[in-house]
Every structure is written in structure tokens, then in C-alpha cells.
Number of protein chains: 2
Amino acid sequence: MGRTTLKDVGDHVGVSAKTVSNVVNGTGWVREDLKVRIREALVELGYRPNAAARQLRSGRSGMIAVALPDLSQPYFAELASELVAAAEDRSITVLINQTNGHADAERRISDGIGIPVMDGLILSPLALSADDLATRLDTTPIVLLGEHIGESPFPHVTVDNTAASQAATAHLIASGRRRIAAIGAQPSGPNETSELRLNGYRAALESVGIAVDERLICTVEEFHRGDGALAAERLIDSGVAFDAVFAFNDLLALGAMHTFSARGIRVPEDVAIVGFDDIEEGRFSTPSLTTVSPDKAAIARAALDLLADPSTSPIETIIPFQIMRRASA
Amino acid sequence: MGRTTLKDVGDHVGVSAKTVSNVVNGTGWVREDLKVRIREALVELGYRPNAAARQLRSGRSGMIAVALPDLSQPYFAELASELVAAAEDRSITVLINQTNGHADAERRISDGIGIPVMDGLILSPLALSADDLATRLDTTPIVLLGEHIGESPFPHVTVDNTAASQAATAHLIASGRRRIAAIGAQPSGPNETSELRLNGYRAALESVGIAVDERLICTVEEFHRGDGALAAERLIDSGVAFDAVFAFNDLLALGAMHTFSARGIRVPEDVAIVGFDDIEEGRFSTPSLTTVSPDKAAIARAALDLLADPSTSPIETIIPFQIMRRASA
DNA sequence: CACCAGCCGTTCAACGTTGAACGATCTTCG
DNA sequence: CGAAGATCGTTCAACGTTGAACGGCTGGTG
């Protein structure tokens, strides 16, 4: 009735379970003819290794956990997709968790509660800071993703958000825009993504001697399309003149673009827009979205490399980015 | 050095491991004062249950596997998000796999290879048919998602694709369109999604006495934005007149919309568009996308219900849909 | 006072797998 | 001819947990 075990196969062939194990794993010595018979029995009886027992015995699970804020956000979905693909190349199975950016969910994950013993954890924290994580209970290797990290005792993978934002803003400046709004500031709570991108924005303006007009800096609750749309509404209604928008992610940019379109504001003629993330969607929006493109596949590979690498010094891997010039700016 | 075990905690308090286990699980009898001391020790030593051992002993893992073609497609990402959320309500952990629609990946998953023994599997097959799955090795409960199913011996959750497509097409007809193109036919290989939606399209036209013009039926490789854009290009270049498009999913619709915009064709004035899936993106596209909206949260809940329900008769759950009327049609 | 029921906690074995240690046989070589 | 290796397979124990069975207490009941 139950699943076939090594012992079942061994009994069927007339050898010990361990010998079957040796054939399955290619360990030890087994005669060729016996190997053949055992392999036949393996197939005939439909043996599949019990991962739990294997893990209990060996300590390795062949699985890593990936914890992301929200899969319904394309950036994280695309990143997850890359991580799964990259892990598969290394025959690692990925277990994906959704934290919704909640601190308790992130802590539970980082403490390894409620999930099987993992060989590693890739966490993209929103709520938890490096200090919070320093006290975590679990000792499984961890790699952090994103920029909510600061001085982290853990290896992490990130893009240079300030530089990237500066480049994005500089691109708008280079195309002749002077009244550049920023959508994505988050005053409530120290959201490092938002801060760093805002810093880049300011730096770009200042480096060419444009004064930062605080009225052009729009705050948002979250980084979703709806927030971008709302921010754009408010910006228009405020009556402050602007000729470009740097949105701190693509969803905000697309939301804003939707508002502009509804309000009869032409993109890029009246307002140029640059986003951040390079999600697929921006390639097919109307108009297509100019954006900062971090190399997601490289992020995935780097994260897995850091997990695999036994040299546990806290390494920071900076992933390159490029500006994808499309129709919106 | 290693992780704290029940025995460690027991030794620390001066009781057996089993007594600690009783406290952790609320089983058996333990004096109140002892419970308190054990709980303190649990926290002090940072005990966390070993899922592998638990699973090996009890046979239950508290995890289900979800296998989807591709997370980078918003529909699947949003569905995965709903599944994870719905599973969390039932304190179930979800392990997400990506099959890329490959038959071998789908078979491996359905046979439970390479993944821990799962309490259940939710599979959205693209390549595998019901017959293929009938011979699967594994006996863990399975629920199928989507319409590539036919006469399935397994419980499955789906929307009435034909009816939904008919309703979508009818909506275009009701708004006065007569030359309605269909984007999403897939001649190569029996893709049931495509077939069913095409059937609904034909049925809607025929029911009002409009002859189906085969030149208006556009084939695509996959259901991605790029395929939709390409199909629209070809449709325009073919010179065949059309005033509306029913795209078999939102990505195709958005891709087509992108082409129309680039070619100076106005949506919905010149061409009305209806999609299928109701992904977030369509709410903020320019113009916003009218689409068939299956209730994704209901799909997630139904799938989990079917997994949990011990009555293993092959049940088909039909999920309701509605037409989301937005700007594109 | 004998017996039962409710408490409280223990020991034992088993889940399926694999590393370690140990035979046994057969070659090969000094 | 004896010893050292190579080859082939076995048994044993352990990973951490929990169901089953058991053994004492205490207090109440017939």
C-alpha cells in the first residue's frame, strides 16, 4: 500500500536495502549484473527516494527557501522565475514563501520555523533590518536580496540603487527635462529602497545645478500601480509644473502613465517617464517604458553562488544595471 | 552546535523527550508547572521542530506542491500568490515548482520525484493530458487546474472556457462590432485552452448569424505579449478588415494593443479589444483592458478544498467568471 | 478495602535512509 | 606461499520525532 522503500526493492531482488541504496546513489561496490537487476526492480516497483528520510539521515535537503514579499508583483515573480530556473541548473528545489513584507513573517522564515530544514535561504526583506536579522535563531546559510540591508553581517546581492537612480534621472535631464518629479518616496518607516532611489534622484539634479523642488517629490503607500496612479493624480491637481517623472519602480511608472493617459497628458511629449525594474510589462505598455534594468538572471545566479560558497564571509555582490531606452523617455 | 532537539530540552528540564513533545503538540498529560518550565526551556534553547523527522514519523509534511508553467506570466504569478495566501490560512506551506510546460517536468512532479513527500499536489498541466496522468506512480492526492484536462480521473478546478469566450465575443458583438478577430489559436499540438476559447468565439458569432472568417483567426506560438504583438502585425499587414479583437489571454491582448498603438490604430475607436484572465496589468494599461475575469481566489480555495476533502471522487469544480468592462471594449 | 478512573510521565519501537565498520572472496605480486 | 589489495555485500546504528503501551500515583466509589 505504502510507497516503495529500499527494503522492498532489496527483498524483491534478494539483497540488502543498503545495496540498493548503493546502486541508487552510485556509492560502494555492486556487481554489474546485480546493478542491472536492481535497476530493473527499481523501475518495476516504482521506487522513489523518500526525501524526508534522506534529509533526516544526511542533513541535506536539496531544497532552499526563497522568501519574497509578493509574487503578484511582476518584479518578484520574474525574479522568482529566474531563481527557480537557476536553482534547477544546480538540481536544487526551491520553496517559495510570501512574506507580504510583514516583519513577523520575515522573522519566522529567517528562523526556519514552519518549513523543513533547508540547505539555505534567500530572503528579500522589506520590514526586517540587518540588526533584526543578526539575532536570528537559525544557522542555515542565508543570502539577502535587495537594498533593505545596510551594514549586514550576511552576504547579500543588490544593485547600486543610488547610482542607478542617478543614471535614470540623468537620462531625463539629458533629454532636456528640467521639472522632474519623483514618485515613490515613503516617509513612513525607513524604506531603504525608497531612500536610496530618492538620494540618487537628488544627486542627479544637484550635480547639474538644478534645485530640488520638494513639491515634485510624491509619496506613496506602496509600490503598486494604484499608488502610482494616485500620486500622478495628486501631482497634476497640485498645479505644480512638471515635464518628467522618475518613478521608483515600473509599477508606479505604469500607474502614473495610466493617469496621464486618462487626463489627456501625452507621454513622452508632455511628460517623459522613467521607471525601475524592467519588468516585461513595460516593454509592451503604451508607450513602452524606459527603465532601469537590473540583471535579474545575474541576481539569481549570484544569490545561489553565495549560498553554495562555503567561504562565509559577508560578501556584497553588486549587480550591474543598464538604462533601457524605450518610448516613454 | 547542531540544532536543538526535543532531547536537549528534556535533558535541560529533567524530563524525557516525549514529555517535551507532548507539550509542544498539546498531547498527553503534563502538569501545569512542568509545562511552564518546559516552555521556558523551549524558548531559551531556541527549539524548532525538525520537519523532516516529524514527516518521516507521521507521514504528513504540512506542505503541498504547486506546479505551474511559468511564474513570469502574471496570471500564474497572481494565481500562485492566491494559492500561497489561501494555504497559509490553513497553515499549509506551499512549494512552488515551475514546469515551463514541459511534459517531462510535469511528469516528474506528478510522480513526486525530487520533491519531499507532499500532502498534496496542485498541478496546472500544459503538456500532459489526463491519460498521461492516469498512469502516474505517485498516490498523493492531486488537483488539476486549468482546462487541459478532458475526462480526468482526478478532481480539477476550471472555468467554463467556452462559455466565457462566448460571453467575451458576445460583448464585442453587442457593442456593434462585426469583424472580430481572434488571436490565440494554436494549430500545433492540441492545446485545449486555445481550442475551447476558439470554440466559444465561433459559437458566439454563429449564434447571431455572423459567418466566421478564417482569415480573422490568428495563430500564435505561445501566450505571451510578444506573440500578441506579432499576430497583430500580421493581421494588419494581411489587409483583412477588422474592428475588434478577442485575445485568448490578457498578455496577447496587451501585446496586440501595443502594436495597434505603434501603428496609429486607436483602441477602442478603430479596434475594440477583449482579453482573458484579468491580470492586474490590464487594469492600468492604456487604455485599460476589458477582459474575462475568472475568480482566482475562488480557484485557489477550491483547489485546496478538493485536496483536503477525503471524498476522493473525481469532482469538477467550475469557477464563475465575469466580464470586466473597461476602456478597451 | 478492592477497584476503577483520571492524571502524569516513561520507555520502546519505528518511519526510510545512509555512513561506518566489518566480513568474505578473488587477484595479484613479492 | 603468504600478504596485500581490490571487489562485493552485509549488519549496525543513528538522524529527530511521535504513536502505542505501560506503570505509577491519587482520589473517589461500590
Side-chain angles (χ1 to χ4, degrees), chain A residues 1-39 41-42 45-63 112-119 138 140, chain B residues 1-39 41-42 45-63 112-119 138 140:
Chain A
M1 184 59 213
R3 200 164 150 137
T4 308
T5 72
L6 287 178
K7 182 160 187 317
D8 297 336
V9 179
D11 290 350
H12 189 259
V13 180
V15 297
S16 71
K18 175 69 211 202
T19 301
V20 181
S21 166
N22 283 337
V23 172
V24 171
N25 298 295
T27 52
W29 296 107
V30 184
R31 273 201 324 272
E32 267 314 313
D33 61 324
L34 235 195
K35 269 191 196 170
V36 171
R37 282 172 49 213
I38 290 176
R39 268 197 272 261
L42 246 16
L45 301 182
Y47 171 78
R48 284 152 301 136
N50 181 319
R54 208 174 239 188
Q55 174 182 353
L56 183 58
R57 176 64 237 238
S58 67
R60 325 219 99 255
S61 68
M63 297 197 298
I113 297 178
I115 59 177
V117 181
M118 289 292 164
D119 294 347
D138 209 359
T140 54
Chain B
M1 185 57 214
R3 197 164 154 140
T4 308
T5 73
L6 287 178
K7 181 158 187 320
D8 297 335
V9 179
D11 290 350
H12 189 258
V13 179
V15 297
S16 71
K18 175 69 211 202
T19 300
V20 181
S21 165
N22 283 336
V23 172
V24 170
N25 298 295
T27 51
W29 295 107
V30 184
R31 271 200 326 272
E32 268 314 313
D33 60 324
L34 235 195
K35 270 192 196 169
V36 171
R37 282 172 49 211
I38 290 176
R39 269 198 270 264
L42 245 16
L45 301 182
Y47 171 77
R48 283 152 301 136
N50 180 317
R54 206 174 241 188
Q55 174 182 351
L56 183 60
R57 178 63 238 236
S58 67
R60 327 221 96 255
S61 68
M63 298 197 297
I113 296 177
I115 60 176
V117 181
M118 289 291 163
D119 294 348
D138 210 1
T140 54

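Everything numeric in this text was worked out from a predicted model, so none of it was measured.
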Legend entry - For A:Arg57, salt bridge (Lys or Arg N to Asp or Glu O under 4.0 Å) partners two or more places apart: none
Legend entry - Atom pair NE2 (A:His12) and CG (A:Leu42), whose distance is rounded to the nearest 0.5 Å: 11.5 Å
Inset, instruction - To the nearest 0.5 angstrom, please state how far the CE atom of A:Met63 sits from the CG atom of A:Asp119. - result: 8.0 Å
Inset, instruction - Enumerate the residues from residues 16-30 of chain A whose closest heavy atom to DNA chain D is under 4.0 Å, giving them by residue number; use none for an empty result. - result: A:Ser16, A:Lys18, A:Thr19, A:Trp29, A:Val30
Inset, instruction - In whole angstrom, give the distance that lies between atom CG of A:Asp33 and atom C1' of D:dC8. - result: 11 Å
Inset, instruction - Rounded off to whole Å, could you give me the NZ-to-C1' distance for the A:Lys35 and D:dG9 pair? - result: 13 Å
Legend entry - Non-hydrogen side-chain atoms of A:Val15 and A:Ile38 separated by less than 4.5 Å: yes
Partners of [X] by side chain to side chain contact (heavy atoms under 4.5 Å, CB included), sequence neighbours excluded?
X	result
B:Arg54	B:Val24, B:Asn25, B:Pro49
B:Ser58	B:Arg60
B:Lys7	B:Thr5, B:Asp11, B:Ala17

Throw together a table of side-chain donor-acceptor distances under 3.5 angstrom for residues 26-35 of chain A, partners on residues two or more places apart or in other chains.
unit_1	atom_1	unit_2	atom_2	d
A:Thr27	OG1	A:Asn22	OD1	2.9
A:Arg31	NE	A:Asp33	OD1	3.0

Inset, instruction - Please report the shortest heavy-atom distance between B:Thr4 and B:Tyr47, naming the atom on each side. - result: O-CD1, 3.3 Å
Legend entry - Nearest heavy-atom neighbours spanning A:Val13 and A:Ala41: CG2-CB, 3.4 Å
Legend entry - Five-pair end axes of the helix from C:dC1-D:dG30 to C:dG30-D:dC1, angle between them (10°): 60°
Inset, instruction - Considering only heavy atoms of chain A and a distance under 4.0 Å, specify the first and last nucleotide of DNA chain C in 5' to 3' order that meet this criterion. - result: C:dG16 to C:dG19
